[in-house]
Trainee: 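Structure below; questions to follow.
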Amino acid sequence: MTSCLIDGDNNAPMFIFAHGAGAGMDHEFMQAVAAGLAAKGIKVVRFNFPYMVKRAEDGKKRPPDRAPKLLEAYQAIIAEHASSPVVIGGKSMGGRMASLLAQDSSVAGVACLGFPFHPPGKPENYKGAHLAELSTPALILQGERDTFGKKEEFADFALSDSIKVEFIPDGDHSFKPRKRSGFTEQQNIALAVDHLAQFILEVYGEK
């Protein structure tokens, strides 16, 4: 059993929210999104993947576990917290793992915050091929300047009709805009939370 952080009311619609490769469930981005969703009536369950649990225990940086281990850990969290199909998602790597579980019968919808379509500067190393076949409702929130998949690259990405994409103005991989853009990080996180809450509530048929 992995330790979890839970925001929001117990009886509220649930969102299971996985972290990205480099920072755990208590990273400020994760905290800000979770708090924003909780304020909109959504229960958010955050957890650490096994390698991040070990890092928290001994302070040693280690690379992410391989996909099968990450997916197994994600499925265990779903089994532990959800008694019926649930909306899952995550930041970057966590969102990609969620999308790989999209066809699972325990998953009602998937939300990806900053989908890592390819490593920065390596568009040939494409990681989104499975998104063309997705039949589960899905939302991708992507910073316009995200080096893992910029707005102008989306014309080349094959995405299924069940995926909705919303771009965050001038945002990088964590939705942070440049000062000169006229947008702020706080505004962009709030916008992301708005899109996310609307999607989650729609999947549960609450809106």
Side-chain angles (χ1 to χ4, degrees), residues 13-23 25 29-30 33-34 37 42 44-52 64-79 81-82 85-120 122-123 125-143 146-151 153-168 171 173-175 192-193 195-204:
M14 187 191 298
F15 178 54
I16 300 181
F17 189 24
H19 62 76
M25 63 180 175
F29 178 92
M30 300 287 292
V33 172
L37 289 175
I42 291 162
V44 183
V45 176
R46 289 178 278 157
F47 67 97
N48 277 337
F49 286 112
Y51 76 99
M52 199 57 77
D65 301 304
R66 296 185 74 80
K69 192 169 182 181
L70 295 173
L71 294 171
E72 188 187 338
Y74 211 140
Q75 284 170 312
I77 293 291
I78 295 170
H81 291 275
V86 66
V87 179
I88 67 171
K91 167 84 177 81
S92 192
M93 177 195 80
R96 183 169 167 260
M97 290 305 120
S99 72
L100 291 168
L101 293 173
Q103 314 296 68
D104 198 297
S105 61
S106 57
V107 175
V110 172
C112 308
L113 289 73
F115 193 92
F117 285 96
H118 57 73
K122 295 183 178 174
N125 193 355
Y126 185 64
K127 308 250 188 220
H130 63 290
L131 299 177
E133 308 298 324
L134 217 65
S135 57
T136 308
L139 172 69
I140 293 177
L141 294 172
Q142 199 83 353
D146 191 335
T147 53
F148 290 78
K150 294 188 179 84
K151 184 178 182 179
E153 293 178 73
F154 271 69
D156 301 326
F157 298 158
L159 303 177
S160 99
D161 290 342
S162 68
I163 299 174
K164 185 179 184 188
V165 179
E166 298 284 359
F167 292 103
I168 305 298
H173 194 48
S174 294
F175 305 157
V193 166
H195 286 311
L196 199 48
Q198 188 179 357
F199 171 75
I200 293 165
L201 294 172
E202 277 173 4
V203 171
Y204 285 116

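The shown structure was predicted, so the numbers you read here are calculated from the model rather than taken from an experiment. Position 1 is the first residue of the sequence, and the numbers go up from there.
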Trainee: Determine all donor-acceptor pairs shorter than 3.5 Å in which one atom belongs to a side chain in residues 110-117; sequence neighbours excluded.
Mentor:
none

Trainee: If we only count heavy atoms from C-beta on, is the F157 to L131 side-chain gap below 4.5 Å?
Mentor: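 F157 vs L131: side chains apart.
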
Trainee: Please report the closest heavy-atom contact between V203 and P137, naming both atoms and the distance.
Mentor: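 Of all heavy-atom pairs spanning V203 and P137, the closest is CG2-CB, 4.3 Å.
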
Trainee: Grab the two heavy atoms, one from G89 and one from Y74, that are nearest each other, plus how far apart they are.
Mentor: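 Shortest heavy-atom separation between G89 and Y74 comes out as O-OH, 2.7 Å.
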
Trainee: What I'd like to find out is whether the side chain of P13 reaches to under 4.5 Å of the side chain of V87, using heavy atoms alone.
Mentor: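 They are not in contact (no side-chain heavy atoms under 4.5 Å apart), so the answer is no.
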
Trainee: If you define the side chain from C-beta out and look only at heavy atoms, does anything of M14 sit under 4.5 Å from I200?
Mentor: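 SC-SC contact between M14 and I200 ruled out.
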
Trainee: For residues G22 and M52, report the shortest heavy-atom separation together with the two atoms involved.
Mentor: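 Result for this residue pair: C-CE, 4.0 Å.
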
Trainee: Looking at CZ of F199 and OH of Y204, how far apart are the two atoms once the value is rounded to the nearest 0.5 Å?
Mentor: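 Answer for the CZ-OH pair, F199 versus Y204, is 10.0 Å.
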
Trainee: Is there side-chain contact between Q75 and D104, with at least one heavy-atom pair below 4.5 Å?
Mentor: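 Of all side-chain heavy-atom pairs linking D104 with Q75, at least one is under 4.5 Å.
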
Trainee: Indicate whether the side chain of S160 and that of E133 have a donor and an acceptor atom separated by less than 3.5 Å.
Mentor: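 No, no side-chain donor-acceptor pair sits under 3.5 Å.
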
Trainee: Assess whether atom CD of E72 is packed by more than 12 heavy atoms of other residues, nucleotides or ligands within 6.0 Å.
Mentor: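 No, because the 6.0 Å sphere around CD of E72 holds 12 heavy atoms or fewer from other groups.
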
Trainee: Output all residues satisfying side chain to side chain contact (heavy atoms under 4.5 Å, CB included) with A21, sequence neighbours left out; order by chain, then residue number.
Mentor: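 For A21 the side chain to side chain contact (heavy atoms under 4.5 Å, CB included) partners, ignoring immediate neighbours, are Y51, P64, M93.
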
Trainee: To the nearest 0.5 Å, what is the distance between CG (L196) and CD1 (I42)?
Mentor: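 So the gap between those two atoms works out to 7.0 Å.
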
Trainee: So, taking the atom named CZ in F154 and the one named CD1 in I140, what distance separates them when rounded to the nearest 0.5 Å?
Mentor: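 Rounded to the nearest 0.5 Å, the CZ-CD1 separation comes out at 5.5 Å.
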
Trainee: Kindly give the heavy-atom pair with the smallest separation between H130 and R96, and that separation in Å.
Mentor: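 Closest heavy-atom pair between H130 and R96: NE2-O, 4.4 Å.
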
Trainee: Which pairs count as salt bridge (charged side-chain N to carboxylate O under 4.0 Å, His left out) when at least one residue sits in residues 157-167, sequence neighbours excluded?
Mentor: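 Residue pairs passing salt bridge (charged side-chain N to carboxylate O under 4.0 Å, His left out), neighbours aside: K164-E166.
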
Trainee: I need the minimum non-hydrogen distance between M25 and M30, along with the two atoms involved.
Mentor: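 Reported closest heavy-atom pair: O-CB, 3.3 Å.
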
Trainee: If I compare all heavy atoms of I16 with all of I78, which pair ends up nearest, and what's the gap?
Mentor: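 Taking every non-hydrogen atom into account, CD1-CA, 3.9 Å.
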
Trainee: Kindly indicate, with the supporting measurements, whether the criterion side-chain contact (heavy atoms from CB on, under 4.5 Å) is fulfilled by K151 and D146.
Mentor: CA-CA 8 Å; K151 184 178 182 179; D146 191 335; over 6 Å; no

Trainee: Atom OG of S162 and atom CG of L139: how far apart are they, to the nearest 0.5 Å?
Mentor: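 Going from the OG atom of S162 to the CG atom of L139 covers 11.0 Å.
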
Trainee: So how far is it from F49 CZ to D65 CG, rounded to the nearest 0.5 Å?
Mentor: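 Result: 8.5 Å between the selected atoms.
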
Trainee: I need the I168 CD1 to L141 CG distance, nearest 0.5 Å.
Mentor: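 The CG atom of L141 is 5.0 Å from CD1 of I168, to the nearest 0.5 Å.
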
